[in-house]
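Structure first, commentary second.
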Amino acid sequence: MTKDIFIGEISNNEEIQGNCFLMKVILPASFCDPQPGQFVMIRISGLYEPLLARPISIYSFSRGKDSCAIELLYSVVGKGTQILAGLISGSQVEIHGPLGRCFEIDEARKNIVFVAGGMGIAPLSLLTEHLCGDKCFSQSPMTFYLGAKTAKAVVGLDKLQKLCYNINVCTDDGTLGKKGLVTQAFQKDIKKYSPVNTAVYACGPKEMLKSLAKILRGSNFISQVSLEERMACGIGACLGCAVAVRDNKGALTYKRVCADGPVFNLREVIWQ
Amino acid sequence: MKTKTLINMAVNLGRIRLKNPVMTASGTFGYGEEYADYVDLNRIGAIVVKGLSLKPRFGNPPPRIMETAGGMLNAIGLQNIGVDAFIDEKLHFLQKFDVKVIANIYGETYAEYIKVAKKLSMAKGVHALEINVSCPNVKKGGISFGSDPKTAAQVTHKVKDATGLPVIVKLTPNVTDIAAIAQAVEKAGADAISLINTLAGMSVDLKKRMPHLKNIAGGLSGPAIKPVALRMVWQVVKRVSVPVIGIGGIMTAEDALEFLILGAKAVQIGTANFINPHATIDILEGIKNYLQSNKIKDINQIIGTFQP
Ligand SMILES: Cc1cc2nc3c(=O)[nH]c(=O)nc-3n(C[C@H](O)[C@H](O)[C@H](O)COP(=O)(O)OP(=O)(O)OC[C@H]3O[C@@H](n4cnc5c(N)ncnc54)[C@H](O)[C@@H]3O)c2cc1C
Ligand SMILES: Cc1cc2nc3c(=O)[nH]c(=O)nc-3n(C[C@H](O)[C@H](O)[C@H](O)COP(=O)(O)O)c2cc1C
Ligand code: FES
């Protein structure tokens, strides 16, 4: 069985930065190795309030002898994440996953660029880790553009610094790194990259991805982005998580973020 | 070792015999495939697939869902691959299992209902049709077929004429007198009646000061609607003699048993599948355990046991 619901035990759940939490969950060994870009649906068993599980990207994964562990990096934005933030070590949670399609890696594109906004760092950090461990990419230049509203909202930097030498931090208010939007920082550097051997991986707020789409429009860059939408089932059954995309004839159609994504080719996404 | 006594779980829905009363609700179980990794489809009483229309439908723009207290609103907009693609691409998968397949259908005109029904009757592997009458009647200014006893009866009648398959009519709760509609569709030839579909509802985003759903309104489902569903099932079972299928907020075996005790012959599991993909089997096992511990040997001995 590739995906299922597992009872996990929280071994750590702490506020690492204003409003942002890092949760470690111990899972049975039967939990599959997740691929970068995949997510889990997390829920507290037995409760009908909140009713639905919440989708959270897998930020890190480790496998022990008879168990494994995932880490989730999340910010408190509403009821569900508020309740998650209140859970103490030893609490049990239902973890459904790993779900969704991962980032596709193209060995011909050795030059790697990451563009992350806010919590968008979570799946990209796992991807960075994977690429660093992949022989094929060990010599590859990797550049990370990391954006956030303010210094306090920059998370996951210490882990990233161990993986990637070239990190450009931007904050909207200039409290850390350069002042300005992360997409502007990338746009400034864009001439440094050759479109045909560069892969751009991105995750972040819709507005950020939208401007990235604008910057890359008409170019030969290939970009994969991880999208977010409200979810109920997480496995492609309810059709609740629709995102508008172009089909092969260019006409609008809807795909499911949970099952057809969350990773999509930036080019196919229609921004409304 | 304690041996389990054999309990009969089979129920008859008119001409359809189900191995047990636990069915899936349309739109919450995809086309079955999505759940095959989680549950043994052979063990489910019947699979009701996502509502099918004559032509594929894109559905509504997002956001399509919003969680509410003890429930969720959805405005999927009846997105589906269309009846032809269902027959060509999805049905053969379901045929691999020993499970009753029920096609949920809807149309915007009588002619559409008839065409979809005819196509499905010709396909191999469909055991019954369930008519979703909650759909707006385009020729009648968008009022749903199911909100008026006359139009509800007319759809039933026309679909019955178009098919030899058993026909279940699925009622909308967004009406003033659901029993009157149930009686009308029974008279028009319905082999069974299922209820309830979702309750019309809304929710508003205070940050944006606009509804959460792009479609503005949606359909409420989940545990929050169970008491309403139970009452409507009760109103209907008293007034019709065809089998009634209870739907609405069933999360556990206990919830399902409430419907059975009131007289529902079977139940459909909807939103529960989203938070627990094993819900159907968990509920089935729970019902068996309840019967076992109450020394009841046949599920039919619990159905309709409440008589005021
Ligand atoms: C594939 C995927 C991966 C995700 N990974 C992460 C992650 O690693 N870290 C993280 O902090 N968050 C992540 N999210 C977003 C996270 O799911 C939402 O923040 C969370 O569901 C909000 O729940 P809530 O009950 O706290 O908020 P609610 O009370 O439900 O809503 C509060 C606010 O959050 C927004 N929101 C709610 N659900 C979603 C959603 N599914 N997607 C986008 N916005 C939403 C609402 O529009 C609203 O403004 C991910 C979402 C998806 C779809
Ligand atoms: C996401 C979603 C999609 C649905 N799609 C359909 C559909 O296509 N046809 C239909 O007759 N009912 C549809 N329904 C209604 C359900 O089958 C069921 O009647 C309703 O959700 C109440 O049951 P529940 O509370 O157990 O979910 C849908 C419900 C949900 C939540
Ligand atoms: S969340 Fe149900 S289809 Fe994506």
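Each chain gets a letter, A, B and so on, in the order the sequences are listed, and its residues count up from 1. What you see is a predicted model; the values in this text were computed from it and never measured.
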- Message: Taking side chain as everything from C-beta outward and backbone as N, CA, C, O, which of these in A:Arg230 sits under 4.5 Å from a heavy atom of chain B? Side chain, backbone, both or neither.
- Response: both

- Message: Please classify the contact of B:Pro61 with chain A as side chain, backbone, both or neither, using a heavy-atom distance under 4.5 Å.
- Response: both

- Rounding to 0.5 Å, atoms OH (A:Tyr254) and CD (B:Gln79) come to a distance of 8.5 Å

- side-chain contact (heavy atoms from CB on, under 4.5 Å) between A:Asp4 and B:His278: does it pass, once the steps are laid out? CA-CA 9 Å; A:Asp4 207 339; B:His278 305 278; 2.8 Å; yes

- So how far is it from A:Leu51 CG to B:Thr68 OG1, rounded to the nearest 0.5 Å? 8.0 Å

- Short question: side chain of B:Glu67, backbone of A:Leu52 - any donor-acceptor pair under 3.5 Å? yes

- Query: Going by heavy atoms in the side chains, are A:Val243 and B:Pro62 under 4.5 Å from each other?
  - Reply: no

- Item | Heavy-atom neighbours of B:Arg231 CZ exceed 12 at 6.0 Å | no

- Message: Let's test your reading of the structure: which of B:Glu33, B:Met72, B:Lys50, B:Arg64 forms the most heavy-atom pairs below 4.5 Å with chain A?
- Response: B:Arg64

- Under 4.5 Å to a heavy atom of chain B? For A:Met231 that would be backbone

- B:Glu34 side chain to A:Ile235 backbone, donor-acceptor under 3.5 Å: no

- Message: If you define the side chain from C-beta out and look only at heavy atoms, does anything of B:Asn74 sit under 4.5 Å from A:Cys238?
- Response: no

- Query: More than 12 heavy atoms of other residues, nucleotides or ligands under 6.0 Å from NZ of A:Lys24: is that the case?
  - Reply: no

- Within the 6.0 Å centroid threshold, strictly below: B:Tyr38 and A:His96: yes

- chain A contact via B:Asn273 - which portion, at a heavy-atom distance below 4.5 Å: neither

- Message: Can you confirm whether A:Leu239 sits close enough to B:Asn80 that some side-chain heavy atom of one is under 4.5 Å from a side-chain heavy atom of the other?
- Response: no

- Message: Just checking A:Lys79: does its NZ atom have more than 12 heavy atoms from other residues, nucleotides or ligands closer to it than 6.0 angstrom?
- Response: yes

- Query: How many angstroms lie between OH in A:Tyr48 and OG1 in B:Thr271, if you round to the nearest 0.5 Å?
  - Reply: 11.5 Å

- Interface moiety of B:Pro63 toward chain A, non-hydrogen atoms closer than 4.5 Å: both

- Message: Side chains of B:Tyr35 and A:Cys233, heavy atoms from C-beta outward: is any pair under 4.5 Å?
- Response: yes

- Considering all heavy atoms, the nearest B:Phe58-A:Leu252 contact: CZ-O, 3.4 Å

- Is there a side-chain contact between A:Glu94 and B:Asn276 (heavy atoms, below 4.5 Å)? no

